[in-house]
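Residues: numbered from 1 along the sequence shown.
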Amino acid sequence: MKNIKISIIIPVYNSEKYLEKCLDSVINQTLEDIEIICINDGSTDSSFNILEKYSNMDNRIIIIDKSHGGAGSSRNKGIQHARGEFILFVDSDDWIKNNTSELLYNSAKAKNTDIIIFKMLNFDDKNNKYFKDSIYDLLILKKFYNGDIFSYDDISANIFSISTATTNKFYKKSFLDQINGQFAEGFIFEDNPFFFNSILNVNRMLVINEYLYFRRRHENSVMSLNDEKYLDIFPIMNIIFNIFIDNERYEYYKKDLINYNFKMCRIIYNDISSNFKEKFFIKMIDHIANINKILRDEEIETFLNRKNSYFYKKLSKSPTSRDFDILNEKSSSRRTLKKSKVENKKLRKHSRILKSSKTHKFINYLINKKNERMKFLKSSDYLKNILSNPYIYILLKFNIHFKDLFRHYKAFKIIKNSNFFNEEFYIYKYPNLKDLYITPLIHYMIYGYNENKIPSENFNPKFYLKSYKNVKKIKMNPLMHYVLYGINENKKVNFDYYLTSEEFSKKEIDYILSLKEEEFEKKITNIYKYIDKNKINDKKRILYVVHPEGGGTTMTNEDLMKNIENYFECFVLSSGYNKLFLRKFNGEKFELIREWKIKSVYGAEKFYSTEYRDIYFNVLISLGIDIVHIRHLILHTFDLPKISKILNIPTILSFHDFYFICPSYNLLDDNVHYCGGKCSNVNGTCTPPMKNLINVNNLKKFVKKWREEVFKMFSNVDCFITTSDIVKSIFLNIYPKLKIENLFVIEHGRDFPELKKDLFEIPNTNKRIKILFIGNITDNKGLKLIKDLKKIDKNFKLDFNFLGTPSDLKKYGKYHGRYSRDDINKKIANINPSFIGIFSPWPETYCHTLSEAWSCEIPVLVSDIGVLKDRTISNNGGWIINHKSPESTYETILDVSSNVDEYINVQKGLKKIKFKSTKKMAEEYLDIYNRKLNK
C-alpha cells in the first residue's frame, strides 16, 4: 500500500442492521490511500461476520477483535494502531459522503491544520427523514465559513457552544500524539473530555461548510436508551474538570464549567428513564457537593445562570427525586397561571397608584407644565413632602414619557433591595452629598450616573458601559439596565471596579518615560492624585507576581493573602505561556480582572519587552498599586522591577528556587547532577527544563549573561526574601555584592488539621516496605533514583506508591491519583505508608512535602542535600539516604526498616514538631511590607 493518508477508525458493537451502509460509504471514498480500522467491541450479533466479508473484499480493512469495553476503548485501540497522517472517526451506524476523505485531506494539507470541523446531518431512522441541528450546523463558528484558519484563542469564549461530537472532526495524528489524545474508557459521553483536551490545545483549525457526515438516530443507539449508563456523566465531568486544571484554564472557565455541569444534569435528569431517576438524583446531589468542595467557600449560586440557578434552588429543597419532580410540576403550573395574569395585575397596580388624589393631581400637573419642574423642585414645600414618592421624583427628573414611569420605578425597587447600591459607600465616597434632601439612591438615579459616580463596590458603571456599548447608545442608566435586563443576560458588572484610571497606550507610556525628572514627577503626581481620588477604600494595594499557577508557591501565596486582607487589597498578576492574567483575591476566591494575549515570543534571553512593560505600567498605575511582591518571574520580563522603581513603588523579590542563578531553576546538569551554580565539566549544554526556555541553545554559555542581567534587575528591588539560611548562603555565594541586610529569611507557614488516627504502618521485613512519593515525580524530584531502586529490588522488598503524580509511573508502583491539601490525610490513610520518600537531587528551598509528611506523623527518607537534610536532622524527622548511590540507598532502607525500635522512636518524636502558622508567617511579611512603605 502507498503511504497511508487517513486512518478511518470505526468502533463496531452489535450494529449488523446498519454496518454495511457504513462500510460501503467508507470503501467507496474517492481518496483511496486510506486504511479502515474496524474494532469489533465484543459484538454478539453478526457484525463480526460482516466485517470479515468486507475485509475479504477490500484489503484496506483491518479488523481488531476485543472484549466489550465501549466506544472509548475501541477508539483508543484504533488510535494505537493507526498509521495514517490523519484520523477520521466514524460510528458503525452512520455513513459519510463519498468525497469526505479527499476533501478533508486536501484541505488539511493545504492549510496545515490540527483539526478540521465539518457539518453533520441527522437522520431519523423511524420516520426516514433528515433533520438539521444548529449545533451540528456550526452556527457558532459561522464567521469562519470563509475558510480562515483559527486557533483556540479565537474561539475561547465559545468552546462550550461547540459540538463535542468526535465524528464531525478530522484530526492530525501527530497533534493527537502531542496532546496525548485519549478517550475515557468504560463510559458513554467519552467524546466530551476528548473534545475539551483537543480544543484547549489547538493552534490551527478550519471549518468546512458542508454536510460530510450523516448521523443516524434510532431506538437502539446509545443516546436513545435513557438507561443507567447516563450516570456516566458524573465521572466524565470529573475528568473534564481535571483537563481544565491540567491545561491551566480552570480559573478562566470556572463559571462556564459549573454551568456546563448543571446544564448536563438538567438535560439528562429530564431525559433519563423513571426507573433510574432516584439513582441519578442521588449521584447528582453528591456531584454538586463535590463542586462546592472544589469552590471551597465560594457561593455556587454566584456562578449559575438563570436556568441553572432555578434548577439548583429546587434541588436544594428536595430530599428525593419525587419531591423534586413535584416541585417542577408546581412551578410549571404557577408559571402558566402567572403569565396569563401578569398584565392584568400590572394594570390594576398602576391604576391604584395613580388614583391617589395627590399623586394623580401632581403627575398631571407635571405632564402639562414640564418647564416648571426645576422651579418646583427648589421652592415647593409641597413637592419636598412628597419626594419620598419615587414615582413623582423619577417622572420629574428623568423627563420620561408617562408610560415608562413604571419601568423606572420597577428598577428603583429592585436596586433598593439589592447590594448594587450601597448608601454608606456612596456617602463615604462622595461626602458632599451628606446634606441632600433626597435619598442617595434617587440622587444616583437622577444625577450620579450622569456624573460617572460609582453606586457601590459591586457595580462599576464605567466598566458596564464600556463592555456593553448598546447601553451607552440608548443613554440608559447602566445600573437600571443591569437590574432590568443584564441580570437575566448574565452580564458582568464588577470585575473592573478596582481600576482607578484609564489605560495608557504605548505611545503615551513612551512619552511619560521620556520626560525629564521634574516634568516626570509632575506628571506622575497628577496621575496619583486622580488615583487617590478614585480608590474605593483606604486599604493599601499589593500586587503579587507569580509564575503559571499551581504548586507550593501559589498555595503559600494564597495563605499569605488570606491573612493580610484586613490590611491590603491583594491583586495577582500571573503568567502563562502566551498570556498574562490579572486577578483580585477576595477571601478565598479570585476574580479575573483582565487577560492579555502576548503577541511576542517569550524566551529567557528576552530580558525586556515593551509589550510586557506597557502591561506592567498600566497594571501599576490603573490599580494604584502601593507595593509589589514578586514571587517569581518565570514567563515574565525584567521590566516590572524597573517600572516599579521609576514609579517609586517598593518592590520585594522572593527566591523560591534558583531561577535567578540559572534558568535551569534547580541547578541540575544534563546528567541530573546538582552543580551548585558552578557549571559542571560533564559534556552537554544543560537544556532548560521549561519549554519557554528551549531557545537558549547552550545554557552553560548563556548563564554569565543571565547573571549580569539578573544583578542589574536586583538594583531595582528594595529587599529579598527566601525560606532558609541555606538558600540565603547559596545566593550570597553567587552574588557576593548582594547586601546581606536586604536579604531576609521567612519560613513558610502551614495550618494542618489535627490528626485523628495513625496513618502510618510500622515496617516489617516479612512484608514489602511501603514508601510513598508525593507530588509531580520527575527527574528533579528523584525519578531516576526511583527507577534505579526498582532495578536493584530483585526480591520485591520495596512497595512504591505515588500520589499526585502522572499515571505513567504505574510501572514503578501503585498510582493513587491526585490530591489536594484538603484531602491529603484521607488519601494517605488509604495507603498507610511506612515512609514518605523525598529523593530530590537538588537542595530545594523549603519542601512542603516534608511538612505534609510530618503533619501526618510519617517518617521521611530524604536526599543528603540542602534544606531536606537540614530540616530532617534538626527535627529528627527521618533518615538521610545517599541519593547519588542507588545501592547505598537500598541498603539504608532495608536497615532502617529492620530496626523497629528506632523507627517507633522517630515516629513518636514527630508529634512534637511545631509548624509555623500561616498567621505568624503573614505577620513577618507584614512587618517587611510596612517598613518598606513607611520608608
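Distance check: L104 CG to I87 CD1 gives 13.5 Å after rounding to the nearest 0.5 Å. To the nearest 0.5 Å, the span separating CG on N122 from OH on Y136 amounts to 6.0 Å.
No cation-pi contact links K119 to Y213, judged by a cut-off of 6.0 Å to the six-membered ring centre and 45° from its axis. Cation-pi geometry between K579 and Y252 is met: under 6.0 angstrom from the ring centre, within 45 degrees of the axis.
With no hydrogens or angles considered, a side-chain donor-acceptor pair links N308 and R266 at under 3.5 Å. Counted by atom type alone, N203 and D114 present zero donor-acceptor pairs between their side chains at under 3.5 Å. The closest side-chain donor-acceptor pair between E185 and N76 falls under 3.5 angstrom. When only modelled atom types and interatomic distance are considered, D65 and N40 share a side-chain donor-acceptor pair under 3.5 Å. Of the N and O atoms on the side chains of S25 and K97, not one donor lies less than 3.5 Å from an acceptor on the other residue. When only modelled atom types and interatomic distance are considered, D124 and N127 share a side-chain donor-acceptor pair under 3.5 Å. Side chains of N305 and K255: no donor on one and acceptor on the other come within 3.5 Å. A donor and an acceptor atom, one from each side chain of N247 and N201, are located under 3.5 Å apart.
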Determine whether K66 and S73 satisfy the following criterion, side chain to side chain donor-acceptor pair (under 3.5 Å), listing intermediate values before the conclusion.
CA-CA 10 Å; K66 61 185 277 294; S73 66; 2.9 Å; yes

Determine whether Y152 and R249 satisfy the following criterion, side chain to side chain donor-acceptor pair (under 3.5 Å), listing intermediate values before the conclusion.
CA-CA 12 Å; Y152 154 77; R249 294 287 192 276; 2.9 Å; yes

Would you please test K599 and E611 for salt bridge (Lys or Arg N to Asp or Glu O under 4.0 Å) and show each step?
CA-CA 8 Å; K599 296 172 186 172; E611 187 178 12; 5.9 Å; no

Where do T164 and N192 land on the side chain to side chain donor-acceptor pair (under 3.5 Å) test, with the steps shown first?
CA-CA 5 Å; T164 59; N192 289 30; 3.1 Å; yes

Take E32 and R60 through the test salt bridge (Lys or Arg N to Asp or Glu O under 4.0 Å) and record every step on the way to the result.
CA-CA 9 Å; E32 295 182 353; R60 295 175 302 171; over 6 Å; no

Go through the steps to decide whether S151 and V202 satisfy the test side-chain contact (heavy atoms from CB on, under 4.5 Å), and finish with yes or no.
CA-CA 6 Å; S151 70; V202 69; 5.6 Å; no

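Checked options W95, F131, F214; the residue passing with F123 is W95 (criterion: ring pair (Phe, Tyr, Trp, His ring centres under 6.0 Å)). Screening F196, F303, F244 for a side-chain contact (heavy atoms from CB on, under 4.5 Å) involving L257 leaves a single residue, F244.
Of all non-hydrogen atoms in N28 and N98, the two that sit nearest each other are O-CB, 3.9 Å. Nearest heavy atoms, Y253 versus F160: CD2-CE1, 3.7 Å. Residues I243 and L200 approach most closely at CG2-CD1, 4.1 Å, considering heavy atoms. The shortest non-hydrogen separation linking N3 to D33 is O-CB, 3.7 Å. Across all non-hydrogen atoms, the minimal contact from S574 to H547 is CB-O, 4.2 Å. Pairing each heavy atom of V90 with each of C22, the nearest pair is CG1-SG, 3.9 Å.
Between the side chain of D45 and the backbone N or O of S47 there is at least one donor-acceptor pair closer than 3.5 Å. Distance alone, capped at 3.5 Å, is enough to place a donor-acceptor pair between the T100 side chain and the L212 backbone.
Taking the six-membered ring where the residue is Trp, the centroids of F280 and Y230 are separated by 6.0 Å or more. Aromatic rings from Y312 and F262 are positioned such that their centres are separated by under 6.0 Å. Y105 has its ring centre less than 6.0 Å from the ring centre of F86. Two rings, from H68 and Y13, have their centers less than 6.0 Å apart. Two rings, from F189 and F183, have their centers 6.0 Å or more apart.
Heavy atoms from other residues, nucleotides or ligands lying under 6.0 Å from NZ of K277 number more than 12. The environment of NZ in K307 is sparse: at most 12 heavy-atom neighbours from other residues, nucleotides or ligands sit within 6.0 Å. Crowding of K283 atom NZ: a count of heavy atoms from other residues, nucleotides or ligands under 6.0 Å not exceeding 12.
Below 30°, between 30° and 60°, or above 60°: for H287 and F234 the angle between ring planes is between 30° and 60°, a tilted geometry.
Within the structure, no pair that satisfies the salt bridge (charged side-chain N to carboxylate O under 4.0 Å, His left out) test touches residues 142-151, not counting sequence neighbours.
Between D91 and R75 a salt bridge is recorded (basic side-chain N to carboxylate O distance below 4.0 Å). A salt bridge is absent between R217 and D125; no separation between the charged side-chain nitrogens and carboxylate oxygens falls under 4.0 Å. Under a 4.0 Å N-O distance rule, the pair D24/K21 does not qualify as a salt bridge.
Taking 4.5 Å as the limit, some side-chain heavy atom of E35 sits within range of a side-chain heavy atom of R83. I37 has its side chain out of reach of I79: every pair of non-hydrogen atoms, C-beta onward, lies at least 4.5 Å apart. Counting heavy atoms from C-beta outward, L23 and C38 have side chains that approach closer than 4.5 Å.
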